[in-house]
Amino acid sequence: MSLPALVEPAAELSIDEVRRYSRHLIIPDVGMTGQKRLKNAKVLVIGAGGLGSPALLYLAAAGVGTLGIAEFDTVDESNLQRQVIHGVSDIDKPKGLSAKESIAEINPYVTVNLHTERLDNDNVFDVFRGYDLIVDGTDNFATRYMVNDAAYFLKIPYVWGSIYRFDGQASVFWPHAELEDGTSAEAPCYRCLYPEPPPPGMVPSCAEGGVLGVLCASIGSIQVNEAIKLLTGIGDPLVGKLMIYDALEMEYRKLRVRKDPNCALCGDNPTVTGLIDYDAFCGAISDEAADAAVGSTISVVQLEHMLKERSEGARDFVLVDVREPNEYEINKIPGSVLIPKGDFLNGSALEQLPADKQIVMHCKTGVRSAETLAIVKGAGYADAVHVGGGVVAWVNQIDPSQPSY
Ligand SMILES: [Zn+2]
């Protein structure tokens, strides 16, 4: 499938620009016209994190004239393993500003617009409007569905990417795409591929599950590749196709994604006709876990007090860390025993728990432990509790000598 170029060419390139972009200009398919299209292009990148970092660097180097950066976060030391647009001197700086400074260093001909508010239903249309194309580097499902729906309502194409550990995916979602002859390309949206978000807690975030740093470059560069093709109208874009990358097997697979006539957004009888409550749709936590956590969540300060009492023989309980062994190696709450969440899901954990002691559970931030809390309570441990904020809160508030991750 070939699609017409998204952007009209700019009037001209300056002599400096011709010199700078000469390696593009001598590619026949790009040439002067393609480079002028890039100069005229306005691309919004959502997130200056794992995917946004390489995407912004290459979009800027390629000569995309206007780059928007939607990013509200600040640079953390743990970002530097993969977010290559930021450096040591940027720690604690707003990520958008840090990215803007790096872009200025690479290509001063790029205009950068910063959107520093967190994207939500109230501002997403204002932020998106005016851009030719969006590159989505979002790391959570609620924002992902919001981006999909808002881009659909504004008829803006977007290049989607996702990463987890050694696996990446990318696609272009643009249900309004039209072929050269003006007929519909019958292209799908994100909801056609993933009609519903995974159950909360089933798919860990990169913060919970980790990501190989270089995977961000593999997927981010695919996103830029597709962006350049769409902007200039060259090649066969990933419209209606899903690219799946396995870094361990070093394998790329391309699957066809069809437009779903029953899609809630772009189907024949849509039920999503405006922005919805995406947090409720994606559920930060399952209903069972939320119910279990009510009245059964303790703070790390309370836990510290309980541990002290336990050491004095004044009370007894079992502190269970439900994270994975490799997380347990990084940091831990002293006196905890490791029983990963999977053992609770398959039932084997319950055999390891004493019947006559209180069970206290924690994970990294409190999402996984809320789920295991529901399981343990269901098994009859009525006085079981979990630790709100998990080991992250413990390290922040009680024991800063341990590393965070
Ligand atoms: Zn759809």
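Atoms within each ligand, like the ligands themselves, are counted from 1 in listed order.
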| note | Any protein N, O or S atom under 2.8 Å from the Zn ion (ligand 1)? Found Cys189 SG, Cys192 SG, Cys263 SG, Cys266 SG

| query | Is it true that the side chains of Asn113 and Tyr131 contain a donor and an acceptor less than 3.5 Å apart? | reply | yes

| request: Decide whether Tyr158 and Asn148 meet the rule of one side-chain donor and one side-chain acceptor closer than 3.5 Å. | output: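 Looking only at side-chain atoms, Asn148 and Tyr158 do form a donor-acceptor pair, the distance falling under 3.5 Å.
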
| query | Of all residues at least two apart in sequence or in a different chain, which pass the side-chain hydrogen bond (donor to acceptor under 3.5 Å, both in side chains) check with Arg315? | reply |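 Listed in chain order: Glu309.
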
| With sequence neighbours excluded, residues passing side-chain hydrogen bond (donor to acceptor under 3.5 Å, both in side chains) with Arg37 |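 side-chain hydrogen bond (donor to acceptor under 3.5 Å, both in side chains) list for Arg37, sorted by chain: empty.
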
| task | Measure from NZ or CZ of Arg310 to the centre of the six-membered ring of Phe317, then state whether that distance is under 6.0 Å and the direction lies within 45° of the axis. | result | yes

| Partner set under salt bridge (charged side-chain N to carboxylate O under 4.0 Å, His left out) for Lys332, not counting sequence neighbours |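 None.
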
